[in-house]
> 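Dropping a structure here in structure tokens format, bear with me for questions.
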Amino acid sequence: MASLLGIDIGTSGTKVMLLDEKTGVAGIESETYQVSIPRLGYAEQNPDVWWEAVLCCLSRLREKYGKCYSEVAGIGFSGQMHGLVMVDADGRPIRPAILWLDQRSTKECNDLNERIPEDLITGSLRNRIFTGFALPSLLWVKKHEPEHFAAIHKVMQPKDYIRYKITGMFGAEVTDASASLMFDIVKRDWSYELQRMCGFPPSVFPECHESGEIQGRVSRECACLTGLGESVPVIYGMGDQQAQSIGNGVFSEGTFICNIGTGGQVSAFCGQPSFDPALRTQTFCHGIEGAWTLYGAVLNAGMSLKWLKDNILREQSFEKLSEMAGEIPSGSEGLIFLPYLTGERTPHMDTAARGMFFGLHLSHTAKHMARAVMEGVTFALRDSMEILEQAGNPCSRMISSGGGAASPVWLQIQADVFNREIQVCRVSEQACLGACMLAGVSAGIFKSLEEAGRRFVTMEERTYKPDKERAAVYESAFGKYRELYRRTKALL
């Protein structure tokens with residue numbers, strides 16, 4: 001008997017799954033934390049907060065599932081993407097990590113977009129330079145915190161730091177490296193030309209590997225802290241979007257995944273490094289060797305509902321908000337929400353974009369606001385879906401993932417707005433499951449990801465089908481939604 005650990009380092013919290021090779025999920029533990037906003041437009045986290053969260057989760061799994069925990073034979077990773085972690089020669093964080101939500105590097109992005117040759121963008125990077133990505137964040141540190149820049153020994157992404165804490169080894173892998181914007185996604189290696197252009201020492205970038213390769217074993221120090229065996233193999237792991245793709249059993253083209261977490265994404269599996277010519281989406285390497293993922297990103301998906309809950313309505317739970325939204329008809333009786341609370345990526349790539357409620361009336365209530373937020377986020381995700389299809393990726397099947405998939409009301413909104421049938425995976429933490437599955441293949445427990453998928457990836461019996469009348473209401477509202485950004489942009 002063998003088991004696997006899948007560790008997901010999220011923006012709002014860490015989750016760890018213990019997967020039994022025979023019986024499936026033995027247990028899942030989670031630990032939440034906050035995003036630090038020291039100044040308007042900044043978003044940071046202390047990397048050691050992630051590590052403490054991992055240790056807490058592992059401790060609880062060990063206590064609850066001792067036998068299964070003692071049989072761990074492989075460890076995989078998933079994590080929030082784009083963030084910048086910088087460590088010194090002793091592996092200590094030099095400063096808090098700069099996250100994907102961060103907007104401080106607007107000037108650096110503008111400078112880069114003017115300096116980088118078009119053929120480098122379209123031929124190698126295949127992504128637009130945007131705030132929150134590691135490249136402009138590192139340039140910001142170089143300019144504004146030279147003492148921190150000079151102290152850098154290695155640059156890495158969030159889940160890479162946790163892997164370092166487990167193995168004691170520095171390393172990078174293709175999915176997160178490509179999401180740094182310092183990577184040639186076609187050659188699947190660092191863009192050394194871009195690094196030289198920016199004045200970055202090549203030595204600070206760890207050697208890059210495929211996600212499923214085994215980096216090393218659990219270190220003696222980590223074994224003492226966690227009770228894991230020193231012989232346990234540890235793979236490089238992958239970004240959360242690629243992990244969710246695997247955890248939803250998507251190994252070929254045609255299936256889209258709509259993920260509503262802190263941010264939101266609609267992603268497609270690609271056999272080629274295809275991209276949107278207007279650079280409104282992102283194309284990154286997949287955790288599966290020889291594949292890529294193309295997706296549109298919404299900065300404030302679940303974050304929009306959290307903002308409404310914490311800052312405006314002061315409701316106790318997301319479940320309560322979902323219940324409130326379910327009492328309001330489709331279209332929120334004319335109320336439309338733009339979820340651009342911290343700018344937006346797809347389709348606008350505009351850090352200055354801002355959110356709004358449009359069409360407020362005396363008859364509108366908190367319930368209308370809750371539903372309008374859910375609908376507005378889904379409209380934003382529909383923008384992504386349509387661009388992916390325009391880029392030559394037809395959607396024949398849609399799977400909903402993330403926290404938004406826990407709300408039947410939001411799932412039905414997705415079905416009606418996308419005008420697609422929506423399926424949901426039985427295992428709620430698909431990123432953790434994907435990390436476990438890839439680790440299991442690398443450790444020789446599963447022959448292939450397809451075999452692991454047949455064992456562990458099953459869909460809920462209930463599907464969410466679009467209703468013609470509701471879809472027509474949303475078609476009209478979606479047209480107004482799109483016009484709101486265009487007509488108000490000049491006012492910001």
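Remember, it's a predicted structure, so these values are computed and weren't measured experimentally.
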> Could you note down all residue pairs passing side chain to side chain donor-acceptor pair (under 3.5 Å) where residues 167-179 supplies at least one of them, sequence neighbours left out?
K159-E173, K159-D176, T167-Q215, E173-T175, E173-S211

> Does a donor on one side chain sit under 3.5 Å from an acceptor on the other, for N259 and Q265?
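Indeed, the side chains of N259 and Q265 share at least one donor-acceptor pair under 3.5 Å.
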
> Count the heavy atoms of every other residue, nucleotide or ligand shown that sit under 6.0 Å from CD of E289, and state whether that count exceeds 12.
no

> Using a strict cut-off of less than 4.0 Å between a Lys/Arg side-chain nitrogen and an Asp/Glu carboxylate oxygen, indicate whether R95 and E44 qualify as a salt bridge.
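Yes, charged N to carboxylate O under 4.0 Å.
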
> Just grab all the salt bridge (Lys or Arg N to Asp or Glu O under 4.0 Å) pairs involving residues 391-418, residues at least two apart or on different chains.
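For residues 391-418, and leaving out neighbouring residues, the salt bridge (Lys or Arg N to Asp or Glu O under 4.0 Å) pairs sorted by first residue read D416-R470.
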
> So does E389 pair up with R420, basic N to acidic O under 4.0 Å?
yes

> Testing the 3.5 Å rule here: is there a donor-acceptor pair between the side chains of Q241 and S267?
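There is no such pair (donor and acceptor under 3.5 Å, judged by atom type) between the side chains of Q241 and S267.
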
> Just one of L19, L228, V54 clears the side chain to side chain contact (heavy atoms under 4.5 Å, CB included) bar with L5, so which one?
L228

> Could you report the tightest heavy-atom contact between K15 and E429, atom names first, then the distance?
CD-OE1, 2.9 Å

> Please identify which of these residues, S322, C258, S400, meets the side chain to side chain contact (heavy atoms under 4.5 Å, CB included) condition with L411.
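One option only clears the test, and that one is S400.
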
> Could you list all the ring pair (Phe, Tyr, Trp, His ring centres under 6.0 Å) pairs where at least one residue sits in residues 289-329, not counting sequence neighbours?
F284-Y295

> For residues 265-274, which residue pairs pass the salt bridge (Lys or Arg N to Asp or Glu O under 4.0 Å) check, not counting sequence neighbours?
none

> Is E210 salt-bridged to R188, cutoff N-O under 4.0 Å?
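Answer for the salt bridge query: yes.
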
> Quick test of your reading: applying salt bridge (Lys or Arg N to Asp or Glu O under 4.0 Å), list the pairs with at least one residue in residues 433-451, sequence neighbours left out, ordered by first then second residue.
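Of all non-adjacent pairs touching residues 433-451, those that pass salt bridge (Lys or Arg N to Asp or Glu O under 4.0 Å) are E451-R455.
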
> Would you list the pairs meeting ring pair (Phe, Tyr, Trp, His ring centres under 6.0 Å) in which at least one residue belongs to residues 223-256, sequence neighbours left out?
H209-Y236

> What residues form a ring pair (Phe, Tyr, Trp, His ring centres under 6.0 Å) with F418, not counting sequence neighbours?
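Applying ring pair (Phe, Tyr, Trp, His ring centres under 6.0 Å) to F418 gives none.
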
> Check the orientation of Y164 and Y161. Use parallel for under 30°, tilted for 30 to 60°, and perpendicular for over 60°.
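If you compare the ring of Y164 with that of Y161, the planes turn out tilted.
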
> Any salt bridge (Lys or Arg N to Asp or Glu O under 4.0 Å) pairs touching residues 247-276, not counting sequence neighbours?
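Sorted pair list: D276-R280.
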
> For E319, check salt bridge (Lys or Arg N to Asp or Glu O under 4.0 Å) against everything at least two apart and list the hits.
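Testing E319 for salt bridge (Lys or Arg N to Asp or Glu O under 4.0 Å), a comparison that skips the adjacent residues, returns none.
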
> Provide the full list of side chain to side chain donor-acceptor pair (under 3.5 Å) pairs with a residue in residues 75-86, sequence neighbours left out, each pair given once.
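Found D8-S78, Q45-Q80, H82-R345.
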
> State plainly whether the residues K309 and E315 are in salt-bridge range, i.e. N to O under 4.0 Å.
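E315 and K309: not salt-bridged.
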
> Going by the side chain to side chain donor-acceptor pair (under 3.5 Å) test, name the single residue among Y33, W50, W51 that passes it with T14.
Y33

> In chain order, what residues pass the ring pair (Phe, Tyr, Trp, His ring centres under 6.0 Å) check against F337, with sequence neighbours excluded?
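Counting only residues at least two positions away or on another chain, F337 forms a ring pair (Phe, Tyr, Trp, His ring centres under 6.0 Å) with F357.
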
> Is R60 paired with E31 through a side-chain N to carboxylate O contact shorter than 4.0 Å?
yes

> Output every pair passing ring pair (Phe, Tyr, Trp, His ring centres under 6.0 Å) with a member in residues 434-460, not counting sequence neighbours, ordered by first then second residue.
F446-F456

